[in-house]
Amino acid sequence: MAGRYEAELVESIRRKPTTLSVWMVNRILNVTSKPRQREFYLELLRLVIEHPEVSQTEQDQAQRFIEHQVNRTR
């Protein structure tokens, strides 16, 4: 993680993911090339799918972003 804003984003995702916060994680993944950082943010998106307070919309969005990011690195 790079700084304060990323830390706030991580806490937001863990607390209650929103469409915007899920999208922001994907945007970070778009510019992150280090494998450990990529895995950290991919795992964060996986948490969205299992989060008890998240809507189906955010779950679907997180799943699409995971698929996009995994296919992007192949």
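When reading the values below, keep in mind they use all heavy atoms of this one structure, side chains included, and skip hydrogens, waters and symmetry mates. The shown structure was predicted, so the numbers you read here are calculated from the model rather than taken from an experiment.
To the nearest 0.5 angstrom, Leu20 atom CG is 9.0 Å from Gln61 atom CD. Atom-to-atom distance recorded for Leu42:CG and Asn26:CG is 9.0 Å, nearest 0.5 angstrom. Separation of atoms CZ (Arg27) and OH (Tyr41) is listed at 14.0 Å; rounding is to 0.5 Å.
Linking Ile, Leu, Val, Met, Phe, Trp and Tyr residues whenever their side-chain heavy atoms come within less than 4.5 Å places Leu44 and Trp23 in a single cluster. In the hydrophobic clustering of this structure, Phe65 groups with Val70; members are Ile, Leu, Val, Met, Phe, Trp, Tyr whose side-chain heavy atoms approach within less than 4.5 Å, directly or through other members.
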Check your understanding: Leu29 and Leu45: side-chain contact (heavy atoms from CB on, under 4.5 Å), yes or no, with the steps?
Key -> CA-CA 10 Å; Leu29 279 163; Leu45 287 177; 3.7 Å; yes

Check your understanding: Would Ile49 and Ile66 count as a side-chain contact (heavy atoms from CB on, under 4.5 Å) if you check the C-alpha gap in whole Å, the side-chain angles of each, and the deciding distance to 0.1 Å?
Key -> CA-CA 10 Å; Ile49 295 170; Ile66 290 167; 3.6 Å; yes

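Closest of all the heavy-atom pairs between Val10 and Phe40 is CG2-CE2, 3.8 Å. When all heavy atoms of Thr19 and Thr57 are compared, the pair lying nearest together is OG1-CG2, 4.4 Å. The two atoms that bring His68 and Asn30 nearest to each other are NE2-OD1, 3.9 Å, heavy atoms only.
The closest side-chain donor-acceptor pair between Arg72 and Gln69 falls under 3.5 angstrom. For the 3.5 Å distance criterion, the side chains of Asp60 and Gln56 qualify, holding a donor opposite an acceptor. A donor-acceptor pair shorter than 3.5 Å cannot be found between the side chains of Gln63 and Gln59.
Ion pairing between a basic and an acidic side chain is recognised when a charged N comes within 4.0 Å of a carboxylate O; Arg46 and Glu43 show such pairing. Salt-bridge annotation for Glu8 and Arg15: absent, with no side-chain N of the basic residue lying under 4.0 Å from a carboxylate O of the acidic one.
One N or O on the side chain of Thr32 and one on the backbone of Ile28 form a donor-acceptor pair closer than 3.5 Å.
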